[in-house]
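To start, the structure under review is shown below, and the notes come after it.
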Amino acid sequence: MTTKKGIGPSAGEPLRAENPHAQIATKLRALYLSVQDEAIPDRFLDLLEKLDAVERKSLPDVAE
């Protein structure tokens, strides 16, 4: 039986492995970590670079 202190309305109650909320939290955490490790697609990086270029051209040259 695994127990952890939860977060939320019932934070004082331990989370058990058979608790559906604990199972959902564990699966969401695993999904988040897997997405966090994914590489950013080149197409998206290209779009961000184009946006940066347009923003640089539209801003006045204050730094110079």
Side-chain angles (χ1 to χ4, degrees):
M1 178 183 342
T2 306
T3 61
K4 293 183 190 176
K5 288 291 182 182
I7 300 173
S10 58
E13 298 176 19
L15 293 175
R16 291 180 170 68
E18 57 275 350
N19 180 343
H21 296 289
Q23 292 174 2
I24 292 169
T26 301
K27 290 178 182 181
L28 283 173
R29 190 175 296 113
L31 176 64
Y32 175 79
L33 291 173
S34 71
V35 169
Q36 195 175 27
D37 291 338
E38 288 182 11
I40 299 172
D42 290 335
R43 183 172 181 216
F44 187 69
L45 291 174
D46 291 339
L47 288 172
L48 289 174
E49 287 176 16
K50 289 177 184 178
L51 178 62
D52 285 342
V54 169
E55 286 180 342
R56 281 191 298 270
K57 287 181 184 178
S58 67
L59 292 175
D61 294 330
V62 178
E64 293 184 47

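Given the structure is predicted, the values throughout are model-derived calculations rather than measurements. Nothing fancy with the numbering, it's 1 onward along the sequence.
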Hey, are the side chains of Arg56 and Asp52 touching, using non-hydrogen atoms and a 4.5 Å cut-off? yes

Nearest 0.5 Å, what's the CD1-CG distance between Ile24 and Leu31? 13.0 Å

With Phe44, which of Asp42, Asp46, Ile40 fulfils side chain to side chain contact (heavy atoms under 4.5 Å, CB included)? Ile40

